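All heavy atoms count here, side chains included; hydrogens, waters and symmetry mates do not. Chain letters run A, B, ... following the sequence lines, proteins first and then strands; every chain starts at 1. This is a predicted model, so every value here is computed, not measured.
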Amino acid sequence: MENQVLAGVGNRLVATIIDGIILTIITLIISAIFGVSAFSALSGENGKPSDAAIVAIVAAYFGFIMILFVLRLAYFSYFESSERQATPGKIAMKIKVVDENGLRLSLGNAIGRSLSKIISSAICMIGYIMAFFTKDEQALHDMIAKTYVVRA
Amino acid sequence: MRIIISKAIVAAILITITAFYFFWNPLEITSLPLCPFKNLTEFYCPGCGGQRAFHQILHGNFTQAFHSNFLIYFFLPFFLLKISDELFGTTISKFFLLNNKGIWIFWGFLICFTILRNLPLYPFNQLIPSK
């Protein structure tokens with residue numbers, strides 16, 4: 001890791017915004033599918049929804065929330081442990097994620113890093129803001145997963 | 001050339017974010033991200049009021065910014081130094097970065113600040129963001 005140049009917080013911010021836009025588009029598509037299905041189920045035969053339809057929609061809603069959570073987790077974990085070691089946003093900014101030895105992340109480590117982002121964002125993003133004043137530009141989730149973001 | 005383009009993109013995004021917070025008051029926009037900690041616990045987290053403080057600083061209301069979240073006076077200099085280093089190739093920020101011990105002290109301070117700002121007593125209740 002010593003021989004690599006840190007990514008720079010500005011580059012990381014832009015990469016995060018690009019990934020955010022991609023995830024928002026995917027979320028909108030899934031939401032539209034869910035919305036149309038829920039609307040047609042609620043319409044029912046006589047214009048009144050049956051009790052079973054309401055229960056099914058509430059259950060589907062929890063499934064929908066879970067899908068969004070898993071999508072986000074899978075997106076970051078898969079791309080950061082892939083050969084490019086970066087999400088599409090990071091690839092665009094020519095940066096990548098490495099472990100403490102400067103090597104590619106294992107899938108387990110990448111999942112741990114993605115899950116740790118929940119803690120980083122839970123307190124008004126202070127976990128992310130930490131990257132501005134820690135020695136190796138590490139955000140809280142980088143410290144937990146012992147990872148670094150460097151120039152590709 | 002590639003580096004210049006990425007620096008230009010970073011600068012453009014930062015200017016856009018700054019302009020956004022200058023023209024829009026976080027108190028009047030409901031679509032801004034809400035604090036999960038505050039939503040779940042009803043207590044203010046150490047970062048609550050940060051967006052309001054940034055808006056107030058951009059308008060020169062330094063006292064109101066202090067009331068919203070005085071940590072902005074800690075974060076903003078780091079942010080400016082780090083970004084100017086990145087955009088202009090200087091290395092000034094490395095003299096001010098926190099080591100591991102500094103990070104522990106920082107978290108200890110954040111925890112104390114969180115407890116104090118949630119106490120319903122004067123003067124600690126002055127540390128909660130204005131509504």
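Remark: A:Lys117 is positioned above the aromatic ring of A:Phe76, its terminal NZ or CZ atom under 6.0 angstrom from the ring centre and at most 45 degrees off the axis.
In this structure, the portion of A:Leu140 lying under 4.5 Å from any heavy atom of chain B is its side chain and not its backbone. With a 4.5 Å cut-off on non-hydrogen atoms, B:Ile17 touches chain A through its side chain but not through its backbone. Residue contact with chain A, scored on non-hydrogen atoms closer than 4.5 Å, is absent for B:Phe43. With a 4.5 angstrom heavy-atom cutoff, B:Leu110 touches chain A only via side-chain atoms. Neither the backbone nor the side chain of A:Leu6 comes within less than 4.5 Å of any heavy atom of chain B. Interface remark: A:Ile126 contributes side-chain atoms only to the contact with chain B (heavy atom separation under 4.5 Å). Both the backbone and the side chain of B:Ser6 come within less than 4.5 Å of a heavy atom in chain A. Contact annotation for A:Met130: only side-chain heavy atoms (C-beta onward) come within less than 4.5 Å of a heavy atom of chain B.
For the ring-ring contact (aromatic ring centres under 6.0 Å, His included) criterion with B:His59, the lone passing option out of B:Phe23, B:Phe54, B:Trp24, B:Phe22 is B:Phe22.
Between A:Phe79 and A:Tyr75, the two ring planes are perpendicular [angle over 60°; tilted spans 30° to 60°]. Below 30°, between 30° and 60°, or above 60°: for B:Phe75 and B:Phe106 the angle between ring planes is above 60°, a perpendicular geometry.
Within 6.0 Å of OH in A:Tyr78 there are 12 or fewer heavy atoms belonging to other residues, nucleotides or ligands. Taking a 6.0 Å sphere around CH2 of B:Trp107, one finds it holds more than 12 heavy atoms contributed by other residues, nucleotides or ligands.
In terms of heavy-atom pairs under 4.5 Å with chain A, the best-connected choice from B:Thr114, B:Leu14, B:Asn100, B:Leu98 is B:Leu98.
Between A:Ser81 atom OG and A:Asn109 atom CG the span is 9.5 Å, to the nearest 0.5 Å.
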